[in-house]
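As the structure is a prediction and not an experimental result, all values here were calculated from the model. Lettering of chains follows the sequences in order, A, B, ..., and the numbering in each one begins at 1. Below, each value reflects all heavy atoms present in this structure, side chains not excepted, and no hydrogens, waters or symmetry copies.
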There are 2 protein chains.
Amino acid sequence: MATVNSSLVAHLPLFAGLGSEDLAEVLREARSTRYPKNSAVFEQGADATSFFLLLHGHVRASKTTPTGEQIVVRYVGPGEIFGVAPAIGLQHYPATATAVDDSVVLAWPSAAWPRLVARFPQLAANTLQTVGNRLQETHTRVIEMSTQQVEQRIAHALLRLAKQSGRKLEHGVEIDFPISRQDIAQMTGTTLHTVSRILSGWEQAGLVEGGRQRIVLREPHKIFLLAEQAAGDNGSS
Amino acid sequence: MATVNSSLVAHLPLFAGLGSEDLAEVLREARSTRYPKNSAVFEQGADATSFFLLLHGHVRASKTTPTGEQIVVRYVGPGEIFGVAPAIGLQHYPATATAVDDSVVLAWPSAAWPRLVARFPQLAANTLQTVGNRLQETHTRVIEMSTQQVEQRIAHALLRLAKQSGRKLEHGVEIDFPISRQDIAQMTGTTLHTVSRILSGWEQAGLVEGGRQRIVLREPHKIFLLAEQAAGDNGSS
DNA sequence: GCAGAAGTTTGACCGGGCACAACGATTGCC
DNA sequence: GGCAATCGTTGTGCCCGGTCAAACTTCTGC
């Protein structure tokens, strides 16, 4: 573990409103750890011993139901907090966090949370904003699942991933971490099979370019139009 | 508007950890208002001028999509906060709040939030817990919509409503505010027609007892079994 | 008490997407 | 470099649940 360079994280929303002295004090309680690709940061149901800030890489948060189905809750990008169970009063992590790329995280012990909040109330307010935003996003997802066709949900999911973690290429935008059709199915509430079919269709139409655990959006704008199309509307008016 | 009796709200999660002096100071900034049945507390998209605590009655939070579909985000019961947009940094309410029964709410002006949080950091921590719990609930809802059949989703929704706002009768539990099939459809991501069909089936089996905007769960345990059944499992093993 | 509105029920139809299944492609391991 | 495991593609049949349509029931206001 090394001391984290304050300047790298000072601009993050989590630390908004904190002075550099304060920030240093907060960082002093954290340890950074490296998680290799495909390793678990924590498992669903385990004691919530820490909360985290992702410095580098990508982490997938997923939940498994009692009957064995899995769904992807979200992909966490650099600069985002995750595993905030301690802050919202949970004893156990409600989901599993897996590094999908080699990743580096900062971890604070759970016991530090009450102390930090007492000393720097801004931390609670900032975390509240983040959690509130995620609640909004999740509501959006519920709405999509209630009212949209599978094709539109996949379009939305890809656009969100591209926006959050897209890498610009000469001929499109690439999702810059490994993601399988199965993962997309678990994000959009459908099956691997349907995702595969739809992406194949899009590939033939030149909208995307696929590959194993790899997706490039060649025509983001056309995908956006697909996403906004009302169900049953074929767009040719 | 009258001064609120502190003892009535002192036990609420929102005020956990506050002394009675503190509580009085917080309450001094709020005004209570009565909203008759079917009136709107605020509309989706409107300026977020206040945040609220429900003292009495029931409020439905719903969202309308650009294409006109509506979904019910949640039902708010007495003692719960709602319309917390100001606390999570939103300028506008992301949903519409409608009193489904004659209701009484406490409202704080948005501008009071930063001041209150600075003075009583516990408020932010408490709100964070509430919002975090709602995020968990919403994730659960996403999982249900991804993995369960309509019948099971309706069963879960009714059980949740009964738990949150059930009134015990001699022969079952009644949801103690007016709720239509349409509302249930909008909570579970299905159509009014399907809800009606399923409830009719349950009524014939003696599981529930219906009526206009009224539902009594006569056999909560059997409904629970339905809810937990895996898709395709007919329960007769 | 009556008219209109709002909410509910039921039937017929049918299409999207899931289950099942088999094959093809890529990767990592030894 | 060969092999096994994983990941992805594609085809077929079927059923859940959505759409369309229409009648019925319960409430509300005059």
Side-chain angles (χ1 to χ4, degrees), chain A residues 36-38 67-72 98 100 144-155 175 177-186 188-205 208-216 226 229-234, chain B residues 36-38 60 67-72 98 100-101 144-155 157 175 177-205 208-216 226 229-234:
Chain A
K37 181 172 172 176
N38 292 328
T67 52
E69 294 100 345
Q70 287 200 342
I71 71 132
V72 172
T98 311
V100 294
E144 285 179 9
M145 299 201 50
S146 296
T147 62
Q148 299 186 336
Q149 305 287 90
V150 170
E151 187 167 23
Q152 289 154 29
R153 302 210 299 266
I154 294 175
I175 314 282
F177 54 85
I179 183 167
S180 71
R181 317 289 150 137
Q182 177 73 31
D183 292 325
I184 296 174
Q186 289 175 355
T188 52
T190 182
T191 59
L192 152 68
H193 310 268
T194 302
V195 173
S196 185
R197 258 180 260 273
I198 287 176
L199 289 188
S200 294
W202 288 358
E203 187 147 16
Q204 292 209 329
V208 302
E209 196 177 297
R212 188 192 177 75
Q213 313 231 85
R214 187 171 158 281
I215 299 174
V216 180
L226 264 180
Q229 238 169 62
D233 179 356
N234 63 9
Chain B
K37 182 173 170 173
N38 291 327
R60 177 185 59 223
T67 53
E69 293 100 346
Q70 287 200 342
I71 70 131
V72 172
T98 310
V100 293
D101 251 350
E144 286 180 7
M145 299 201 50
S146 296
T147 63
Q148 300 186 335
Q149 306 286 88
V150 170
E151 188 167 22
Q152 289 153 29
R153 303 208 301 266
I154 293 176
I175 313 282
F177 55 84
I179 183 167
S180 72
R181 319 287 169 189
Q182 175 77 343
D183 293 324
I184 296 173
Q186 288 175 355
M187 296 180 70
T188 53
T190 180
T191 61
L192 151 68
H193 308 271
T194 301
V195 173
S196 183
R197 261 180 261 272
I198 288 175
L199 289 188
S200 294
W202 288 357
E203 187 147 15
Q204 291 209 329
V208 302
E209 195 178 296
R212 189 193 176 78
Q213 312 225 86
R214 187 169 158 281
I215 298 174
V216 180
L226 263 180
Q229 236 168 65
D233 179 355
N234 64 8

>> So, does B/Q149 get its side chain near the phosphate of D/dG17, meaning an N or O under 4.0 Å from OP1 or OP2?
In response: yes
> Does B/T190 offer a backbone N or O that forms a donor-acceptor pair with the side chain of B/T194 under 3.5 Å?
Replying inline: no
> Under 4.0 angstrom, heavy atoms only, what part of the nucleic acid is A/S180 near: base, sugar-phosphate, or nothing?
Replying inline: sugar-phosphate
>> At under 4.0 Å between heavy atoms, how does the protein contact nucleotides 19-30 of chain D? Give one character per nucleotide, 5' to 3', with B, S or -.
In response: BBB----BS---
> Distance-only, no hydrogens or angles: does the A/S200 side chain make a donor-acceptor pair with backbone N or O of A/S196 under 3.5 Å?
Replying inline: yes
>> Measure CG/B/L192 against C1'/D/dG17 and give the value in whole Å, please.
In response: 13 Å
>> With nearest nucleotide decided by heavy atoms, which residue, A/Q213 or B/E151, maps closer to the 5′ end of DNA chain D?
In response: A/Q213
>> Going by the rule salt bridge (Lys or Arg N to Asp or Glu O under 4.0 Å), which residues pair with B/E209 if we only count those two or more places apart in sequence or in a different chain?
In response: B/R218
> Taking atom P of D/dC16 as reference, at what distance in whole Å does atom CD of B/Q152 sit?
Replying inline: 12 Å
>> So does A/H193 get a backbone contact from the side chain of A/R181, meaning a donor-acceptor N/O pair under 3.5 Å?
In response: no
> Taking only residues two or more places apart in sequence, or in another chain, which ones meet B/R212 in a side chain to side chain donor-acceptor pair (under 3.5 Å)?
Replying inline: none
> 5' to 3' on DNA chain C, which nucleotides open and close the contacts with chain B (atom under 4.0 Å from a heavy atom)?
Replying inline: C/dA6 to C/dA12
>> Is any side-chain heavy atom of A/P178 closer than 4.5 Å to one of A/K37?
In response: yes
>> What is the distance, to the nearest angstrom, from the CE atom on A/M145 to the P atom on D/dG17?
In response: 13 Å
> What pairs meet the salt bridge (charged side-chain N to carboxylate O under 4.0 Å, His left out) rule with one or both residues in residues 184-204 of chain B, with sequence neighbours excluded?
Replying inline: none
> What residues form a side chain to side chain donor-acceptor pair (under 3.5 Å) with A/S180, not counting sequence neighbours?
Replying inline: A/D183
